[in-house]
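All values below come from the heavy atoms of this structure, side chains included, with hydrogens, waters and symmetry mates left out.
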Amino acid sequence: MSITVRPARTTDVKSVRRIIDQYALQRRLLSKDTVKLYEDVQEFFVAESDGEVIGCGALHVLWEDLGEVRTVAVDEGFRRQKIGNQILEAITNRANSLGLRRLFCLTFETEFFAQHGFNVIQGTPVEADVYQQLLRSYDEGIAEFLDLESVKPNTLGNTRMLKIL
């Protein structure tokens with residue numbers, strides 16, 4: 001089976017929605033509104049086999065040197081075939097090309113991300129002035145990164161992790 005990882009297109013959103021829904025029903029991923037997937041399509045990569053989208057993942061820039069890995073998921077029928085590795089590699093390459101030096105994720109899949117150099121974090125690893133700037137964002141990922149329980153409670157109980165590139 002040949003897998004291609006490429007930037008997502010708007011025509012991929014229905015497939016990305018289907019994959020996300022598999023995990024959202026299990027409470028392993030937060031569900032996303034379809035309109036949000038269209039708005040963020042340029043952040044996504046998809047894994048494709050024989051013209052079918054079988055995986056996805058996104059890179060969202062949080063700050064000058066910091067990005068968040070979001071929504072890495074592989075269709076249940078294609079798990080354990082290293083497709084998530086390929087998606088994360090594409091995200092990491094994109095992060096490097098943008099000049100990011102750190103990647104954050106909020107995940108249940110701590111073993112997967114640890115294998116790729118992510119470490120569990122406590123607190124917020126940014127300077128006080130950056131923290132104050134980040135507080136001004138309405139982005140839910142920023143609130144997760146800052147661990148702002150009053151703004152965005154971690155309702156799923158997943159783990160905050162960080163990788164230095």
#### Entry: Intermediate values then yes/no, side-chain contact (heavy atoms from CB on, under 4.5 Å), Phe104 and Ile121
CA-CA 9 Å; Phe104 166 75; Ile121 60 169; 4.3 Å; yes

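- Between the CG atom in Leu106 and the CZ atom in Phe113 there is a gap of 10.0 Å [rounded to 0.5 Å].
- No continuous path of hydrophobic side-chain contacts links Leu25 to Ile54 [ILVMFWY only; heavy atoms under 4.5 Å].
- The environment of CD in Glu111 is sparse: at most 12 heavy-atom neighbours from other residues, nucleotides or ligands sit within 6.0 Å.
- Across every non-hydrogen atom of Ile19 and Ala73, the tightest pair is CG2-CB, 3.7 Å.
- A donor-acceptor pair under 3.5 Å is formed between the side chain of Gln22 and the backbone N or O of Glu76.
- Phe44 and Val35 fall into different hydrophobic clusters, defined by Ile, Leu, Val, Met, Phe, Trp and Tyr side-chain heavy atoms under 4.5 Å apart, directly or through other members.
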### Task
Would you sort out whether Arg101 and Glu64 count as a salt bridge (charged side-chain N to carboxylate O under 4.0 Å, His left out), showing the intermediate values?
CA-CA 9 Å; Arg101 295 190 316 258; Glu64 177 183 11; 5.7 Å; no

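- In this structure, the side chains of Ile83 and Asp75 stay at 4.5 Å or more apart for every pair of heavy atoms.
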### Message
Evaluate Arg6 against Val53 for side-chain contact (heavy atoms from CB on, under 4.5 Å), listing each step before the verdict.
### Response
CA-CA 10 Å; Arg6 60 168 175 76; Val53 173; 4.3 Å; yes

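- Note that CD of Gln26 is 11.0 Å distant from CZ of Phe108, once rounded to the nearest 0.5 Å.
- Considering all non-hydrogen atoms of both residues, Gln122 and Val120 come closest at NE2-CG1, 4.0 Å.
- Nearest heavy-atom pair, Asp33 versus Arg17, reported as atom, atom and distance to 0.1 Å: C-NH1, 3.6 Å.
- With rounding to the nearest 0.5 angstrom, the CG atom of Leu103 is 9.5 Å from the CG atom of Leu62.
- The two residues Ala47 and Ile3 make their nearest non-hydrogen contact at CB-CG2, 4.1 Å.
- Here the closest heavy-atom approach between residue Leu66 and residue Leu100 is recorded as N-CD2, 3.6 Å.
- Using a 4.5 Å heavy-atom cutoff, the side chains of Phe118 and Thr107 are not in contact.
- Remark: Gln42 CD to His60 NE2 distance equals 10.0 Å, nearest 0.5 Å.
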### Task
In sequence, state the C-alpha distance, the side-chain angles, and the governing distance for Lys32 and Glu43, and then conclude on salt bridge (charged side-chain N to carboxylate O under 4.0 Å, His left out).
CA-CA 14 Å; Lys32 295 184 183 297; Glu43 297 181 352; over 6 Å; no

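- Leu37 contributes atom CG, which lies 4.5 Å from atom CD1 of Ile20 (distance to the nearest 0.5 angstrom).
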### Task
Using the side-chain contact (heavy atoms from CB on, under 4.5 Å) rule, take Leu98 and Leu59 through it: C-alpha gap first, then chi angles, then the decisive distance, then the call.
CA-CA 11 Å; Leu98 291 171; Leu59 171 65; 4.0 Å; yes

### Task
Under the side-chain contact (heavy atoms from CB on, under 4.5 Å) rule, what do Ile91 and Val72 come out as? Steps first, then yes or no, please.
CA-CA 10 Å; Ile91 290 169; Val72 175; 4.1 Å; yes

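- The distance from atom CZ of Phe112 to atom CG of Leu88, rounded to the nearest 0.5 Å, is 5.0 Å.
- Of all the heavy atoms in Leu165 and Ala95, the pair that sits closest is CD1-CB, 3.9 Å.
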